[in-house]
Visitor: 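Pasting a structure here, questions to come.
Whatever order the structure lists ligands and atoms in, that order sets their numbers, starting from 1.
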Amino acid sequence: MRIPVVQNFNCNSYTKTNANNSIHRSNLLTNSMLPKFGLNYKNDLKNGDVISFTGVQPKLGAIVKVAPLEDRLASIFQVTNIGDLVVAGPSLKEVQKSLRDSVDVFSDVIKKMFFVKDSSLDGTMAFLRNGNYENEFVNVNKFNIELNSSLGNYIMKPKDTFYLENGDTLSLGQTKLKFKKEPDVDLSLVRDKFAQVFDFSDIVQPAIEKENKKSFKLLLKNDKTSQRTLSFKDVGGQDNVISELKKGILYPIKYPEAYENHILNKGFILSGPPGTGKTLIAEALANESDAYYKKLNGLELESKWVGESEDNLRNLFKEAIDNQPSVIFFDEFDAIARKRGGHDVYGDKFVNQFLTLMSDIEKNGDSVYVIAATNKLDALDSAITRSGRFGKHIEVPAPDLSGVKQILDIHTARKPLADDVDKEKLANKLFDLKSTGADIAHIVNSAHGQAFERLGVYEKMENGTFTKADAEGIKISQEDFERAMADFSKKLNVRRPIGYKN
Ligand code: ADP
């Protein structure tokens, strides 16, 4: 691999100082560099006959020999970018070993590694160009290294890191190494003679992308939840279901250390009439446990996944495993895992694949939980219900009177209610109507609509005369609720419960 050659920083003086225009690299290294040379270094170059003054190409290998390690390293620092690691050591093998032993200390992804072999070193010197564009020294050795910096003197223990300033000195046994951002001599033309480059960018870039995608996903998720996060407080009358799910999912996610030797059940079936809050509870659970949440609908899947269902299922589980802890919620689960009869869409293969994936997460101890909701428990494929993979069946019943009261409180909490509203009376009536949570949410919203009608709000909106003061005057009265309930019960005989799909 070729090491990039940077623009020679002495280029200008090089051309100017050549009176006879006989431009040669040797002149560059002598004339222009002389003011920068330390005395010995300069003499070394001359006495060692490295540089010819007669326009003859200098022996580049010889220059490398006399260039001190700190200059060779500095020459590499001129071309490093964020994520590049520069290491010097007596052998590549030794360097590999020290890096492997201290891999946990690197928080940046290494994109390129430059190795400089120097047999005089008794250990490994590692410099990382970090995300702040600083040159960070990382002690990857098993022994201390002394750092004399402008800020003070430090003993750097194994795995300590410190960013370096020009002129800082590192002492490693007998070797004293001065950190320089630029070498005294321009070594750009000979870099490939003293440094070996390992370029990992092609390998790490896709991995970085993948990790970034995850971060962005979290960002989106947090953004969504920061608006208003559903929690168990938004669920009324289902204390038993919540308690079961807390014990089965929330606590194992929040306190994994308490469950180290437990075999955890990963599959939960919630069964009950539509509109009782199964979806709501699953979403609240995912939020409460800060888990990655994926909701799927069996009916949609049926049409979307025909022909490639197994692959999609595998990808879905992979996504959940990659983002764990996670909760997968299957609504209308019976549509994909129904008893097989004449019109079987997926067949054994799909159900078997599903059970295998469930068993894998169980075996690997992944923090992935599957909640399957159905209105028709007895329609589920018995391979699913009997497998033990869905070990927990929880009934989500229509609310009792106290549940109705709680749900009414939840749905009216952010509504403007008039003083005459008698919630006790409303709750009794709603219970008599056998209202589910979804029904109650619907009735409260229609009562709000009734208030709009009664106060002529829609009319004002139509005429464009609606003002902020009008908005503040809207209050839902008992009568608005009575009307909404009357409308609801009128449809009761012919209606199917809200959300009910045959
Ligand atoms: P399911 O999944 O059982 O069919 P959902 O959770 O989709 O029912 O309920 C639909 C809506 O009805 C919810 O978003 C919520 O507004 C309301 N709802 C249902 N059950 C409850 C409940 N137990 N407590 C509060 N609101 C509920």
Visitor: Using modelled atom types only, decide if a donor and an acceptor are shared between the side chain of Lys278 and the backbone of Pro273 within a distance under 3.5 Å.
Guide: yes
Visitor: Quick one: does ligand 1 sit under 4.0 Å from the side chain of His411, the backbone, both or neither, non-hydrogen atoms only?
Guide: side chain
Visitor: Given that the side chain starts at C-beta and the backbone is N, CA, C, O, which of these parts of Ile407 lies under 4.0 Å from ligand 1, counting heavy atoms, or is it both or neither?
Guide: side chain
Visitor: Which ligand 1 atoms are under 4.0 Å away from a heavy-atom of Val235?
Guide: 23 (N), 24 (N)
Visitor: May I ask you to decide if the ring planes of Phe198 and Phe200 are parallel, tilted or perpendicular, using 30° and 60° as cut-offs?
Guide: parallel
Visitor: State whether the number of non-hydrogen atoms from other residues, nucleotides or ligands found under 6.0 Å of Tyr154 atom OH is greater than 12.
Guide: yes
Visitor: Hey, is ligand 1 close enough to Gly275 that some N/O pair sits below 3.5 Å?
Guide: yes
Visitor: So is Gln238 polar-close to ligand 1, meaning N/O to N/O under 3.5 Å?
Guide: no
Visitor: Suppose I only count heavy atoms of Pro274 and a 4.0 Å limit; which atoms of ligand 1 are within that range?
Guide: 4 (O)
Visitor: Are Tyr251 and Lys246 close enough, and set up right, to give a side-chain contact (heavy atoms from CB on, under 4.5 Å), and what steps lead you there?
Guide: CA-CA 6 Å; Tyr251 299 149; Lys246 274 185 175 174; 3.5 Å; yes
Visitor: With a 4.0 Å cut-off on heavy atoms, does Gly237 reach ligand 1?
Guide: no
Visitor: Could you tell me whether the side chain of Leu430 reaches within less than 4.5 Å of the side chain of Met485, counting heavy atoms only?
Guide: yes
Visitor: Compare all side-chain heavy atoms of Phe106 with those of Leu85 and state whether any distance is below 4.5 angstrom.
Guide: yes
Visitor: Closer than 4.0 angstrom, basic N to acidic O: yes or no for Lys405 and Asp409?
Guide: no
Visitor: Answer yes or no: is there an ion pair linking Glu482 with Lys429, defined by an N-O contact shorter than 4.0 Å?
Guide: yes
Visitor: I'd like to know if His442 contacts ligand 1, where contact means a heavy-atom distance under 4.0 Å to any ligand atom.
Guide: no
Visitor: Taking distance alone, with no angle check, do Asp331 and ligand 1 share an N/O pair under 3.5 Å?
Guide: no
Visitor: Near Gly236, which atoms of ligand 1 are under 4.0 Å from a heavy atom of that residue?
Guide: 22 (C), 23 (N), 24 (N), 25 (C)
Visitor: Going by side-chain contact (heavy atoms from CB on, under 4.5 Å), Phe452 matches just one of Asp480, Ile474, Ile476. Which one?
Guide: Ile474
Visitor: With a 4.0 Å heavy-atom cut-off (strictly under), which part of Asp234 contacts ligand 1: side chain, backbone, both or neither?
Guide: backbone
Visitor: Touching ligand 1 at all, Asn375? Heavy atoms, strictly under 4.0 Å?
Guide: no
Visitor: Kindly confirm or rule out an N or O of Leu280 lying under 3.5 angstrom from an N or O of ligand 1.
Guide: yes
Visitor: Which atoms from ligand 1 have a heavy atom of Ala438 less than 4.0 Å away?
Guide: 12 (O), 17 (C), 18 (N), 19 (C)
